[in-house]
J.: 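Just passing along the structure, written as structure tokens.
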Protein chains: 2
Amino acid sequence: MVKSDMFHVKPIAATSSLRALAYEALKEAITNMNIYDQKEEVRLDERKLSLNLGVSRTPVREALTVLEQEGFVRFEARRGVFVIKKTKSEIVAMIQAWSALESMAARLACTRATDEQLACLREHFPEFYEGRPSDHLDEYSDANIRFHQKIISLGQCDVIRDLTSNLLMHVRGIRNAAMRQGDRAANSIKEHVAIIQALEARDADLAERLVREHGLGLARHVETYGDYLD
Amino acid sequence: MVKSDMFHVKPIAATSSLRALAYEALKEAITNMNIYDQKEEVRLDERKLSLNLGVSRTPVREALTVLEQEGFVRFEARRGVFVIKKTKSEIVAMIQAWSALESMAARLACTRATDEQLACLREHFPEFYEGRPSDHLDEYSDANIRFHQKIISLGQCDVIRDLTSNLLMHVRGIRNAAMRQGDRAANSIKEHVAIIQALEARDADLAERLVREHGLGLARHVETYGDYLD
DNA sequence: GACTGGTATTTGGTATGCCAACTTTCTGAA
DNA sequence: TTCAGAAAGTTGGCATACCAAATACCAGTC
């Protein structure tokens with residue numbers, strides 16, 4: 001039996017179920033379509049979807065069930081499955097919940113994260129903190145999202161990570177759009193720097209407050225300028 | 001056509017789908033079974049469930065899909081559907097996320113709730129704030145849950161309400177169990193009173209902090225004394 | 001008796017068919 | 001022309017059938 005110890009096999013590819021594949025494909029399609037450009041509601045046809053995906057209706061329906069649970073689609077019996085367009089006030093509510101969770105993550109990060117992990121925050125986005133951010137807004141939008149995700153991962157709380165990942169899918173587009181309104185990008189960077197400093201100083205109360213105010217500021221901005229959503 | 005204005009009919013019994021009924025029945029059964037008494041894992045048989053519920057496997061599976069998304073069950077291909085037993089650290093993480101959301105709700109309530117709504121907090125639980133709470137722990141456990149739900153509803157943020165309602169299902173049992181350990185009940189009441197006072201004073205910073213510390217205190221308690229969960 | 005290999009059974013994953021309700025289109029009477 | 005009202009077509013909800021993988025069971029060997 002000693003010989004078999006020489007054998008090291010990886011635990012198989014674990015080929016995903018069709019349901020999981022359908023879920024990924026549909027979520028990808030929905031989040032990329034930018035619903036808010038469309039005037040009228042977008043309806044999804046179960047039969048067409050299953051035809052396009054090359055699978056039967058069953059896994060498609062189960063994938064849609066998950067997406068309904070996540071707030072992306074809405075079932076209407078014998079009428080259709082519709083992609084949900086969030087209202088302005090719903091977006092604001094999501095940003096507020098996000099702020100609550102991210103600020104708690106920042107608090108937890110102050111005691112849980114190592115110095116090396118905190119250093120990543122600064123190292124990953126060095127170029128944008130010098131010079132005018134308005135010159136590379138697209139890059140900064142991505143970096144902005146990553147920054148907030150990084151804070152959440154530093155909190156090392158799986159529940160917060162999971163809950164926010166759902167919210168991010170809904171809010172991602174709005175976050176980037178808001179960045180382009182007014183002089184928010186430059187201001188955002190200043191706040192990010194202050195957040196990093198608070199984390200490095202291990203000041204949990206300050207880090208939490210700064211993250212919360214940063215988030216609630218975005219909420220107020222959407223509340224004021226987000227009428228195009230409705 | 002004026003006459004029909006006199007007519008107020010409820011929008012039909014809106015006979016729920018079998019899927020929704022199966023979901024309710026299964027969720028009820030799962031949350032009531034007190035899973036932490038069981039030693040080994042609990043497996044759910046799709047065919048038996050559909051037989052007992054009197055419907056086919058399809059709506060049962062779709063209900064289970066939702067419950068999987070909510071973290072109550074786990075699908076294992078060709079092995080079975082298992083009721084998930086949360087580990088201690090997962091419970092702690094859920095309480096931390098809960099604290100983040102509830103403290104934000106308290107903050108929002110300070111500016112959004114009317115005086116009348118705030119008064120409900122005190123009025124609904126008058127009897128327990130005098131005398132020794134250890135005399136009626138069962139009643140107090142229920143009142144305790146309602147207190148926290150009330151704060152969340154006062155925040156008037158639907159996203160926070162939805163996210164916490166999921167968490168509550170998982171944590172409800174633990175919350176009540178912790179109440180019975182040590183002298184937590186009496187202490188809990190004092191903290192509740194302080195929270196009410198902060199809300200009535202419209203002190204958002206204080207209300208948020210008290211709610212957060214109240215929640216994180218529970219998290220630490222579970223962290224310390226919750227080894228029976230694993 | 002312990003263990004190996006094969007076979008039967010169980011079980012979740014998927015495909016498919018039917019049905020009732022909803023929409024749309026057609027039709028005919030006012 | 002207008003507009004009920006019926007007929008035809010769509011569409012999601014549900015039930016059922018089948019499959020492949022995993023397990024349980026069993027016979028045979030050492």
Side-chain angles (χ1 to χ4, degrees), chain A residues 1-5 7 9-27 29-30 40-84, chain B residues 1 4 9-27 29-30 40-84:
Chain A
M1 278 302 172
V2 182
K3 279 197 292 184
S4 65
D5 288 348
F7 251 80
V9 293
K10 60 178 185 232
I12 281 300
T15 169
S16 319
S17 64
L18 294 185
R19 179 177 103 183
L21 297 176
Y23 168 78
E24 291 299 334
L26 292 175
K27 187 165 183 177
I30 289 176
E40 73 278 344
E41 291 207 302
V42 178
R43 196 174 73 79
L44 303 177
D45 188 298
E46 288 187 10
R47 286 173 170 82
K48 278 190 188 126
L49 288 178
S50 63
L51 208 66
N52 292 343
L53 292 170
V55 299
S56 82
R57 285 175 57 206
T58 306
V60 172
R61 271 185 67 84
E62 294 186 346
L64 287 173
T65 297
V66 176
L67 290 170
E68 177 191 36
Q69 177 70 11
E70 293 179 344
F72 287 104
V73 301
R74 178 183 71 250
F75 280 74
E76 287 189 22
R78 262 145 264 130
R79 288 185 42 83
V81 182
F82 297 90
V83 178
I84 289 185
Chain B
M1 278 302 173
S4 66
V9 293
K10 60 180 184 223
I12 272 309
T15 170
S16 316
S17 62
L18 295 184
R19 178 178 103 184
L21 296 176
Y23 168 78
E24 291 300 333
L26 291 174
K27 188 166 182 175
I30 289 176
E40 72 280 341
E41 289 208 303
V42 178
R43 196 175 73 79
L44 271 38
D45 187 296
E46 289 187 8
R47 285 174 170 83
K48 279 193 187 119
L49 289 177
S50 63
L51 208 66
N52 293 344
L53 292 170
V55 299
S56 82
R57 284 176 59 207
T58 306
V60 172
R61 272 184 65 83
E62 294 183 346
L64 287 173
T65 297
V66 176
L67 290 170
E68 177 192 35
Q69 177 68 13
E70 292 179 344
F72 288 103
V73 300
R74 177 184 72 250
F75 281 73
E76 288 190 20
R78 260 144 264 133
R79 287 183 42 82
V81 182
F82 298 90
V83 179
I84 288 185

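Residue numbers begin at 1 in each chain, while the letters A, B, ... track the order of the sequences. Quantities reported herein were computed from a predicted structural model and do not represent experimental measurements.
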J.: Any luck finding a side-chain donor-acceptor pair between Thr65(B) and Arg19(A) under 3.5 Å?
T.: yes
J.: Would you mind reading off the distance between Asp45(A) atom CG and dC22(C) atom P, rounded to a whole angstrom?
T.: 18 Å
J.: Is there side-chain contact between Lys27(B) and Ile30(B), with heavy atoms separated by less than 4.5 Å?
T.: no
J.: Could you tell me how far apart Phe75(B) (CZ) and dA21(D) (C1') are, to the nearest whole angstrom?
T.: 17 Å
J.: Is there a side-chain polar atom (N or O) of Arg78(A) under 4.0 Å from OP1 or OP2 of dC19(C)?
T.: no
J.: Nearest nucleotide by nearest heavy atom, which residue falls closer to the 5' end of DNA chain D, Ala77(B) or Arg43(A)?
T.: Arg43(A)
J.: Would you mind reading off the distance between Leu44(A) atom CG and dG13(D) atom P, rounded to a whole angstrom?
T.: 13 Å
J.: I need the CG-P distance between Leu18(B) and dA21(C), as an integer number of Å.
T.: 13 Å
J.: Can you tell me the distance, in whole Å, between the NZ atom of Lys48(A) and the C1' atom of dG12(D)?
T.: 14 Å
J.: For Arg78(B), what residues pass the side-chain contact (heavy atoms from CB on, under 4.5 Å) criterion, not counting sequence neighbours?
T.: none
J.: Which nucleotide wins on minimum distance to the side chain of Arg47(B), given the candidates dC18(D), dT23(C), dC22(C)?
T.: dC18(D)
J.: Could you list the residues that satisfy ring pair (Phe, Tyr, Trp, His ring centres under 6.0 Å) with Phe72(A), not counting sequence neighbours?
T.: His170(A)
J.: Identify, residue by residue, the members of residues 51-71 of chain B with a heavy atom below 4.0 Å from DNA chain D, and return them in order of residue number, or none.
T.: Val55(B), Ser56(B), Arg57(B), Thr58(B), Pro59(B)
J.: So, using side-chain contact (heavy atoms from CB on, under 4.5 Å) as the criterion, who are the partners of Ala20(A) when residues are at least two apart?
T.: Ser16(A), Ser17(A)
J.: In whole angstrom, give the distance that lies between atom CG of Leu49(B) and atom C1' of dT10(C).
T.: 15 Å
J.: If I take atom CD in residue Glu46(A) and atom C1' in nucleotide dT16(C), what distance separates them, rounded to the nearest angstrom?
T.: 14 Å
J.: Please determine which of Leu21(B), Leu18(B), Leu49(B) meets the side chain to side chain contact (heavy atoms under 4.5 Å, CB included) test together with Val55(B).
T.: Leu18(B)
J.: Using a cut-off of strictly less than 4.0 Å, decide whether Arg79(A) has a side-chain nitrogen or oxygen near OP1 or OP2 of dT23(C).
T.: yes
J.: Out of curiosity, Glu70(B) CD to Ile84(B) CD1, how far, rounded to the nearest 0.5 Å?
T.: 11.5 Å
J.: Could you measure the distance from the CZ atom of Arg74(A) to the CZ atom of Arg79(A)? Nearest 0.5 Å is fine.
T.: 9.0 Å
J.: Angle, rounded to 10°, between the helical axes spanning five pairs at each terminus of the helix from dG1(C)-dC30(D) to dA30(C)-dT1(D)?
T.: 10°
J.: Check side-chain contact (heavy atoms from CB on, under 4.5 Å) between Glu24(A) and all other residues, then give those that pass, not counting sequence neighbours.
T.: none
J.: Tell me: CZ of Arg19(A) to P of dG12(C), nearest whole Å?
T.: 13 Å
